[in-house]
Amino acid sequence: MSSDELSSREYQRQRDSDLARRSFAGGLVYLGFLAALWATTDYFSTHPVMLAAVTAISGVCGAARFLLGYRFERLYGANPAAWRAAYFIAVNLSILAWGLFVMATFLLYGFRDWKTLLLLICLAGTAPIALAAQTPSPVIIHTFLVALTAPMIAASLYLGGALNYTMALVFTWYLMFALGHARVLHRHYVRYTLEKFALAAAKKSAEEANRAKSVFLAHMGHELRTPMNAILGMTHLALNSPADTERRQYMRMVKSAGENLLETLNSLLDFSKIEAGKVQLDAVTFSVRQLADGTLQSFLGGAKSKGLQLRSYVDPSVPLRLRGDPLRLRQVLTNVLGNALKFTERGEIECRISRIPDAAAGVLLQFTVRDTGIGIAPEKQQLIFEAFEQADSSTTRKYGGTGLGLAISARLVDLMGGRMWVESQPGQGSSFHWTARFATVAAKDVREAQDAALQSEPAPATELKILVVEDHDMSRQLMEKLLAMRGYAVVTVANGKDALREMEEQAFDVVLMDMHMPELDGMGATAEIRRREKGGPPTPIIALTAESSEGLRERYVDAGITDYLAKPIKPDRLFELIEKVQQRSSGAAT
Ligand code: ADP
């Protein structure tokens, strides 16, 4: 831990509190010494003034020390520096008085007198106790030991003679040894205290994380149950409705609730993937302008229905084409625009993209989405970029959302070599800004990308024969209907074994293979299909999987799978992929 932390106010307070707690009653021990003197010596009659002075100093200092310790919270809270000075004086003044008292006794009566011996025994006994009790403060323990032993050493040297010089030597040796040991004890104390601090901080942050997760779970519960409720309710209505138009209307609502549900699940999975450091950005050529236009287009309807103006402005200095991850950039833009729309009731939303000139490689762009919505309180402006955090849970109840969107966006922007921040005035609106770095594209690549874009027009539906291997009843029926609707000839089977049997009977253009199945799973079935093909033209196999782990594609390709689709399946994506793999395979065969 750094010296900054060592000298921090919190640490200092802990040290002083430990010192007070351990040693505040220590001043009372001198009363015992006085009682022993009174009971066994004639000091009270021979030197009453000296004894009265020692008694008074010990009494006042002992009481002060007791009070300073006993009322630590209040007195220290009022003025820590004054508390520290008062405690220092209370400890050292009384031990100095006793040190001088022993010295005087030594000078008056010599070493062999009982009074000297009694006082030496008493004070020698307090030293190790003080050493342990005052460990938190090296200053106090050092001054204490010096005040205790220095007068004795001075007196021994003053009296001279072999015996007294030996005494001086013994006391000096004793003082050095005690000072050295005090340092070791203090070092142990510091380590222990800092560990305690670190543990307390870790516990606090774990508790905070736990609290945020509990709140998050409650929100998630709500976010998952609401569309689920709509899906079940609308399905029930649809099942009991005789009219076709009404049924279609219910089913449209089911679809929209399903999409909502999927969005929530996707953000959750996305977030854990980013957190685990498993997201890798693509580097493909794309047009920022087209991306911005396309994204804004999808918000036009929503803005119009709320009577909001939606504007965009792309600075001419932004290059036509760049290399980067358009999907992830669109995800950030969609989230920020979605929030702007969600939290704005009147006025406008504006999206600006400009280039920031800088010396580093590539192009640094700045994106700004400004709205005239409800705004965000200053103390929440940092918090909203944390996972599971929302500016105001009551607003959120009204607007919905999981509190993950900005956390995901900020992390994605971070991966794009930029940062994200917000400027906002409650009641006036917010401006979300983010920067991102992209690679530049050579003019030749721009033309190629344009050609590729032209070529990737959706292919017309073809008459294909498809085998669906899926154990889940409903999913199998769904696939069958979807594919038949597209005009394909479909055969369905419930596991890998049946698929093999079916493929022996007839040939298929494409196989859609679920991965998790009883009897023979997707991997096993694929291996067997490839074995039976014996190096002949392979039937394209598309894996259908709910898995999304790292290296999945490589694993599948190694196993002989042509391509894969993540569940839930989007019909357009499915048709596109079927036709793509089929064209590739027939192209290879010719
Ligand atoms: P979600 O919108 O799903 O709750 P986000 O992470 O996208 O999660 O946003 C977190 C919070 O930030 C929102 O709940 C909202 O309180 C606040 N917020 C985000 N964008 C805006 C905005 N444009 N205007 C006002 N508040 C916003």
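Whatever order the structure lists ligands and atoms in, that order sets their numbers, starting from 1.
- A donor-acceptor pair is defined here as one N or O able to donate and one able to accept, closer than 3.5 Å; no such pair exists between the side chain of Arg370 and the backbone of Glu350.
- Using a 4.0 angstrom heavy-atom cutoff, Lys342 counts as in contact with ligand 1.
- Atoms of ligand 1 found under 4.0 Å from any heavy atom of Phe432 (numbered from 1 in listed order, with element): 19 (C), 20 (N), 21 (C), 22 (C), 23 (N).
- Defined by atom type and a distance below 3.5 Å, a donor-acceptor pair is present between the side-chain atoms of Arg328 and Gln331.
- For Glu275, the CD atom counts as densely surrounded, since its 6.0 Å shell holds more than 12 non-hydrogen atoms of other residues, nucleotides or ligands.
- Residue Asp371 approaches ligand 1 through these ligand atoms, each under 4.0 Å from one of its heavy atoms: 22 (C), 23 (N).
- Atoms of ligand 1 lying under 4.0 Å from at least one heavy atom of Asn335, given by number and element, are 7 (O).
- The atoms of ligand 1 that sit less than 4.0 Å from any heavy atom of Leu404 are 6 (O), 8 (O).
- Heavy-atom distances between Gly375 and ligand 1 reach below 4.0 Å in at least one pair.
- Using a 4.0 Å cut-off between heavy atoms, Thr344 makes no contact with ligand 1 at all.
- Side chains of Asp473 and Gln477: a donor-acceptor N/O pair is absent below 3.5 angstrom, by distance only.
- Note: an N/O pair closer than 3.5 Å links Leu406 and ligand 1 by distance alone.
- Interface of Gly405 with ligand 1, defined as ligand atoms under 4.0 Å from a residue heavy atom, comprises 5 (P), 6 (O), 7 (O), 8 (O).
- Evaluated for a side-chain contact (heavy atoms from CB on, under 4.5 Å) with Phe438, the options Leu365, Thr285, Leu364 yield exactly one hit, Leu365.
- Side chain of Arg289 to backbone of Val318: a donor-acceptor contact under 3.5 angstrom is found.
- Of the possible polar contacts, none joining the Ser430 side chain to the Ala340 backbone as a donor-acceptor pair under 3.5 Å is found.
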